[in-house]
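Structure, as structure tokens:
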Amino acid sequence: GADWVVPGAYFAFVWQDRIAGLIVGAGLIFALLAMLQFRTAKTTISPVAPDKASALVVSGLYRITRNPMYVALATILLGWGLYLGNLIALLGVPLFTAYITQFQIRPEERALEAKFGDAYLRYKDEVRRWL
């Protein structure tokens, strides 16, 4: 689709596929570790039901970012855009982060604030939303 929108927006560099693969791999590992932390805490990983959370996970990756699963998705998109070697495909990363912040993360934050109160507010003050 990116080629159709802006033909010729390609780039290439040495080891492009390898670097892209490493970035995608890092994103996958980050996502798996974040999901494992939720499973260990016996809480939902469903992004559409934050009110069903049974525990506030604030350790491990969640000390670095409040949203490691979304960071992982953005990282995977970055790797995919690099693999494709298309500038338009790379625009998916900031578009994704803007969209997910507005329509997923902010509503999740409101639900978690309502559920966990001051504990979540302290966590928000201590840990960044992204990185």
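- The minimum heavy-atom distance between Ile45 and Arg39, with the atom names listed, is CD1-NH2, 3.9 Å.
- Transitive grouping of hydrophobic side chains (ILVMFWY, heavy atoms separated by less than 4.5 Å) keeps Leu121 and Val57 in distinct clusters.
- The aromatic rings of Trp130 and Tyr70 are tilted relative to each other, their planes meeting at an angle between 30° and 60°.
- Between Phe13 and Phe11, the angle of the ring planes stays under 30°, which puts this pair in the parallel group of the 30/60° scheme.
- In this structure a side-chain-to-backbone donor-acceptor pair under 3.5 Å is missing from Arg129 to Asn67.
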- Evaluate side-chain contact (heavy atoms from CB on, under 4.5 Å) for Val24 paired with Tyr83, printing each intermediate quantity in order. CA-CA 9 Å; Val24 168; Tyr83 175 77; over 6 Å; no
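- Across all non-hydrogen atoms, the minimal contact from Ile23 to Leu82 is CD1-CD1, 3.5 Å.
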- Task: May I have the step-by-step check of side-chain contact (heavy atoms from CB on, under 4.5 Å) for Leu78 and Leu90, ending in yes or no?
- Result: CA-CA 6 Å; Leu78 173 64; Leu90 287 175; 3.9 Å; yes
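- At distances below 3.5 Å, at least one donor-acceptor pair connects side-chain atoms of Thr97 with backbone N or O atoms of Pro94.
- Taking each heavy atom of Gly27 and Ala72 in turn, the nearest pair found is O-CB, 3.2 Å.
- What you find for Ala49 and Thr44 is that their closest heavy atoms are O-CG2, 3.7 Å.
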- Check step by step if side-chain contact (heavy atoms from CB on, under 4.5 Å) holds for Arg128 and Thr65. CA-CA 5 Å; Arg128 289 179 174 198; Thr65 173; 5.9 Å; no
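- Here the CG atom belonging to Leu73 is positioned 9.5 Å from the CG atom belonging to Leu28, to the nearest 0.5 angstrom.
- Closest approach of Gln102 to Pro107, counting heavy atoms only: O-CD, 3.6 Å.
- Ring orientation note: the planes of Tyr120 and Tyr123 are tilted relative to one another, at an angle of 30° to 60°.
- Under the 4.5 Å side-chain contact rule for hydrophobic residues, Val127 and Tyr62 share a cluster.
- The two residues Met69 and Ala34 come nearest to each other via the heavy atoms CG-CB, 3.7 Å.
- Using a 4.5 Å cut-off between side-chain heavy atoms of Ile, Leu, Val, Met, Phe, Trp and Tyr, with links allowed through other members, Leu32 and Leu22 fall into different hydrophobic clusters.
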